[in-house]
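Read through the structure below, which is laid out as structure tokens, and then see the notes.
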Amino acid sequence: MDSYTISKCTGTLFGTHQEVQGQRVVLMCMLPLYMTSVLFQIKGTSFTVIVENEEQVEVSFTRTWDPSLEGKSVPLNIDKRFHYMAIADNRQRSMPLPDDRVPPRGQALAYPEAMMIEVQSWPYCFPASEDFPKSDQRGNVSGRLLVQDRYASADYISANGAYVGLAPPGEAGSWQRECKNVPDPNPKYINKLYVNHPDRQYGLWERYAELYPDGDLVYTIGTSDYTKDWFFAQVTRKKDDNSYQRTTWQIKFNLDNVYQTGTYKLRVAIASATLSELQVRVNDPKANPPLFSSGLIGRDNSIARHGIHGLYWLYSVGVPGARLVEGDNTIFFTQPRSVGPFQGIMYDYIRLEGPSSSSSQAI
């Protein structure tokens, strides 16, 4: 039970709404002059369902003052409502309060989170708005989504885990502009709400310098394991003086044969980018200019908001066969923009295709 102390009152009638530990307490009382200090427990003798629908449930626990208890209990009419959020069956917790966000109970982190109070109780009221479509007002789409990728399989592949969205007619990709396995989190920043969702933990970008202290990521085709050896995003490297520097990732692979007069295609699909630039070099990390540069791209801020995708980008880079050699080769991905911690690129897939006239497979 929650205990509160009512200090000495001069007998003046007062009524307030007060937030105490996430619960709305309605005070309507006139304290007798002889009750200088009273310690009491808030107990609800009955409850009422205030709102109940498929989107929300709000329950009020109440206790009405009984005059026969005068002198034994503080004269309060109580309306106690819980502040609790349930995002999913395995993601539930009590709502934080404004006091939880300020020192000493709160600490400012790297990214200033925006906040706006809609109402003084939880759940929010927007599901009750006439502009919020109810379940019986929404449509349904069903079917199968198959993908054809001749490099992976001769048959159609089920697109398990794919995102499917409905959007008004428009140019290819316009819907992205009209609406909008990772490293273990730092124990210091563990959010218990997302304990089974590591991609939603705070501060993952800082783990890069810890996991790769002596040099940037190197991934070897046929040897490395993408679930362990590929960081979730190509972020900047934080230095000891709290500044940031560019990073260059390497992808190493072996070719038995090279078609010197042909043109290979490097397909780079980017799931998210934030004020970043992708530079591609082949077998020469200092080539100037690089074989390819995307220029400054991306403003979707997926890294800072702990997202897994944002605006999608797809690049097809022509790689002259003369740039490749029989044996060991290396592709260098450089992200040179390094003002802060949230500049980075999340890759969806990377694929090198042989010339169309050859029988070589994708790497």
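F332 pairs by the ring pair (Phe, Tyr, Trp, His ring centres under 6.0 Å) definition with nothing, not counting sequence neighbours. By the side-chain contact (heavy atoms from CB on, under 4.5 Å) test, D241 is found to be paired with K239, S243, residues two or more places apart in sequence or in another chain being considered. Every residue meeting the ring pair (Phe, Tyr, Trp, His ring centres under 6.0 Å) condition with F333, not counting sequence neighbours, appears here in chain and number order: Y347. Residues passing the side-chain contact (heavy atoms from CB on, under 4.5 Å) test with D240, sequence neighbours excluded: none. Looking at residues two or more places apart in sequence or on another chain, you find no ring pair (Phe, Tyr, Trp, His ring centres under 6.0 Å) involving Y156. For Q250, the side chain to side chain donor-acceptor pair (under 3.5 Å) partners at least two apart in sequence or on another chain are K252. For D328, the side-chain contact (heavy atoms from CB on, under 4.5 Å) partners are N254, not counting sequence neighbours. Taking D225 as the reference, T227 meet the side chain to side chain donor-acceptor pair (under 3.5 Å) condition, with sequence neighbours excluded.
I270 has its side chain within reach of I297: a pair of non-hydrogen atoms, C-beta onward, lies under 4.5 Å apart. Considering only heavy atoms from C-beta on, M346 comes within 4.5 Å of I303 through its side chain. Put simply, the side chain of F253 reaches to within 4.5 Å of the side chain of I331, judged on heavy atoms. Contact of the Y208 side chain with the L217 side chain is registered, since non-hydrogen atoms from C-beta on lie closer than 4.5 Å. Here the side chains of W249 and T334 are not in contact, with every heavy-atom distance at 4.5 Å or above.
Of the candidates I251, N283, V319, L352, N329 forms a side chain to side chain contact (heavy atoms under 4.5 Å, CB included) with just one, namely N283.
In this model, a donor atom of one side chain and an acceptor atom of the other lie less than 3.5 Å apart for S158 and N160. Under 3.5 Å, the side chains of S272 and D300 contain a donor-acceptor pair of N or O atoms. Residues R281 and Q279 have side chains that bring a donor and an acceptor to within less than 3.5 angstrom of each other.
Distance check, rounded to the nearest 0.5 Å: CD of Q343 to CG of N301 gives 10.5 Å. Rounding to the nearest 0.5 Å gives a distance of 11.5 Å between CD1 of I345 and CG of L275. Annotation: the span from L311 atom CG to R299 atom CZ amounts to 12.0 Å, rounded to 0.5 Å. In this structure, CD on Q260 lies 11.0 Å from CG on N257, to the nearest 0.5 angstrom. Remark: T248 OG1 to K286 NZ distance equals 11.5 Å, nearest 0.5 Å.
For residues 317-326, no residue pair satisfies the salt bridge (charged side-chain N to carboxylate O under 4.0 Å, His left out) rule, not counting sequence neighbours. Pairs of residues two or more places apart, or lying in two chains, that qualify as salt bridge (charged side-chain N to carboxylate O under 4.0 Å, His left out) and include a residue from residues 260-276 are R267-E353.
Hydrophobic clustering keeps Y259 apart from V325 (ILVMFWY residues linked when any side-chain heavy atoms are closer than 4.5 Å, directly or through intermediates). V235 and L296 fall into different hydrophobic clusters, where Ile, Leu, Val, Met, Phe, Trp and Tyr residues are linked whenever their side-chain heavy atoms come under 4.5 Å apart, directly or through other members. Hydrophobic clustering (ILVMFWY, side-chain heavy atoms < 4.5 Å, transitive): Y226 and V268 are in one cluster.
Minimum heavy-atom separation, T236 to Y244: OG1-CD2, 3.6 Å. Pairing each heavy atom of Y312 with each of A269, the nearest pair is OH-CB, 3.1 Å. Of all the heavy atoms in V258 and G321, the pair that sits closest is CG1-O, 3.4 Å. Scanning all heavy atoms of the two residues, the minimum distance from A152 to I157 falls at CB-CD1, 4.0 Å. Across G298 and W313, no two heavy atoms sit closer than the pair N-CZ2, 3.7 Å. Minimum heavy-atom separation, G354 to Y264: CA-CD2, 3.6 Å.
Checked by atom type and distance alone, the side chain of Q234 pairs as donor or acceptor with a backbone atom of T247 at under 3.5 Å. Side-chain N or O atoms of R237 include one that pairs as donor or acceptor with a backbone N or O of G215 at under 3.5 Å.
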Please report the C-alpha distance between D216 and R246 in whole Å, then the side-chain angles of each, then the deciding distance to 0.1 Å, and finally whether the salt bridge (charged side-chain N to carboxylate O under 4.0 Å, His left out) criterion is met.
-> CA-CA 10 Å; D216 288 327; R246 64 168 58 194; over 6 Å; no
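Classification of the W230-Y219 ring pair by plane angle, with boundaries at 30° and 60°, yields perpendicular.
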Atom pairs and distances, side-chain donor-acceptor, residues 288-295, under 3.5 Å, sequence neighbours left out:
unit_1 : atom_1 : unit_2 : atom_2 : d
S293   : OG     : E277   : OE2    : 2.5
S293   : OG     : G295   : N      : 3.3
S294   : OG     : L278   : N      : 2.9

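Think of V218 as one node in a network of Ile, Leu, Val, Met, Phe, Trp and Tyr side chains linked at under 4.5 Å; it has no links at all.
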